[in-house]
Amino acid sequence: MKEFKVTPIRNGTVIDHISVGMALKVLRIVGVKDDVTSTVSVLMHVPSKKAVWKDIVKIEDRELDPKELDKIALISPNATINIIRDYNVAEKFVVEVPKVIKGIMKCPNPGCITNKDEPVETEFVVESKKPITLRCVYCDRMATEIAENLR
């Protein structure tokens with residue numbers, strides 16, 4: 001049986017231990033679209049030692065910003081980030097769910113002031129990390145459908 005392997009990247013980011021089925025949502029978070037100029041590898045439903053299954057995303061020539069990392073933490077709190085430089089892991093860390101989420105998610109309450117034409121940035125407090133549950137500081141609506149409300 002032939003085994004196919006994904007080639008290493010010279011520089012960029014490997015997002016490992018993504019919750020199974022979330023790789024495409026991670027691609028949306030990091031803005032990978034049709035106009036990509038670097039190699040992007042997506043592995044889905046890969047056997048894992050830590051969990052039974054995982055997804056992996058490799059993005060060449062790109063490092064993620066803090067807001068992107070916060071979004072990934074919200075949909076896959078056990079994901080690990082590997083920063084690759086000259087084919088070696090230069091940094092490795094697990095994403096961390098922040099205590100407060102600002103400006104990266106819309107409130108699921110259509111009547112919330114943040115969904116009106118007011119210059120108000122959304123803000124949520126993390127009420128629970130397992131499962132992820134957020135509370136809007138303006139209307140107190142609880143949010144559990146995180147991926148669907150990310151901006």
Are any of the side-chain heavy atoms of [X] and [Y] separated by less than 4.5 Å?
X: Phe124; Y: Thr122; value: yes
X: Ile75; Y: Leu150; value: yes
X: Ile9; Y: Val14; value: yes
X: Ser48; Y: His17; value: yes
X: Val30; Y: Ile59; value: yes
X: Arg135; Y: Asp140; value: yes
X: Val95; Y: Ile81; value: yes
X: Met105; Y: Arg151; value: no

*Should Met44 and Val42 be marked as a side-chain contact (heavy atoms from CB on, under 4.5 Å) after you check the CA-CA gap, both sets of side-chain angles, and the distance that decides it?*
CA-CA 6 Å; Met44 297 177 73; Val42 178; 3.8 Å; yes

About how many Å separate [atom2] of [Y] and [atom1] of [X], when rounded to the nearest 0.5 Å?
X: Ile101; Y: Lys71; atom1: CD1; atom2: NZ; result: 11.0 Å
X: Arg10; Y: Asp61; atom1: CZ; atom2: CG; result: 9.5 Å
X: Asn78; Y: Ile72; atom1: CG; atom2: CD1; result: 13.5 Å
X: Ile29; Y: Leu64; atom1: CD1; atom2: CG; result: 9.5 Å
X: Ser76; Y: Ile132; atom1: OG; atom2: CD1; result: 9.5 Å
X: Lys58; Y: Ser38; atom1: NZ; atom2: OG; result: 13.5 Å

Atom of [X], atom of [Y] and distance for their closest heavy-atom approach:
X: Asp55; Y: Ala23; answer: OD2-N, 3.1 Å
X: Cys107; Y: Arg141; answer: SG-CB, 4.3 Å
X: Val97; Y: Pro77; answer: CG2-CB, 4.0 Å

Same cluster or not: [X] versus [Y], using hydrophobic residues (I, L, V, M, F, W, Y) connected whenever any side-chain heavy atoms lie under 4.5 Å apart?
X: Val20; Y: Leu24; answer: no
X: Val57; Y: Tyr87; answer: no
X: Phe93; Y: Leu74; answer: yes

*Should the pair Glu68-Arg62 be classified as a salt bridge under the 4.0 Å nitrogen-to-oxygen rule?*
yes

*Got a salt bridge between Arg85 and Glu63, using NZ or NE/NH1/NH2 to carboxylate O under 4.0 Å?*
yes

For the pair [X] (side chain) and [Y] (backbone), establish whether a donor and an acceptor sit closer than 3.5 Å, ignoring hydrogens and angles.
X: Asp65; Y: Lys67; value: yes
X: Asp70; Y: Pro98; value: no
X: Ser19; Y: Met22; value: no
X: Asn149; Y: Glu145; value: yes

*For Lys102, look at atom NZ and say whether over 12 heavy atoms of other residues, nucleotides or ligands are found less than 6.0 Å away.*
no

*Flag if over 12 foreign heavy atoms under 6.0 Å of CD, Glu127*: yes

*Begin from the C-alpha positions of Val40 and Leu27 and carry the test side-chain contact (heavy atoms from CB on, under 4.5 Å) through to its verdict.*
CA-CA 9 Å; Val40 175; Leu27 289 178; 3.8 Å; yes

_Intermediate values then yes/no, side-chain contact (heavy atoms from CB on, under 4.5 Å), Ile15 and Ile56_ = CA-CA 6 Å; Ile15 309 159; Ile56 303 168; over 6 Å; no

*Might you work through the side-chain contact (heavy atoms from CB on, under 4.5 Å) test for Lys54 and Asp16, ending with a clear yes or no?*
CA-CA 8 Å; Lys54 66 180 179 179; Asp16 197 358; 3.1 Å; yes

*Run through the side-chain heavy atoms of Ile, Leu, Val, Met, Phe, Trp and Tyr, join any pair under 4.5 Å, and report what else lands in Val120's cluster.*
Ile113, Val125, Val137, Tyr138

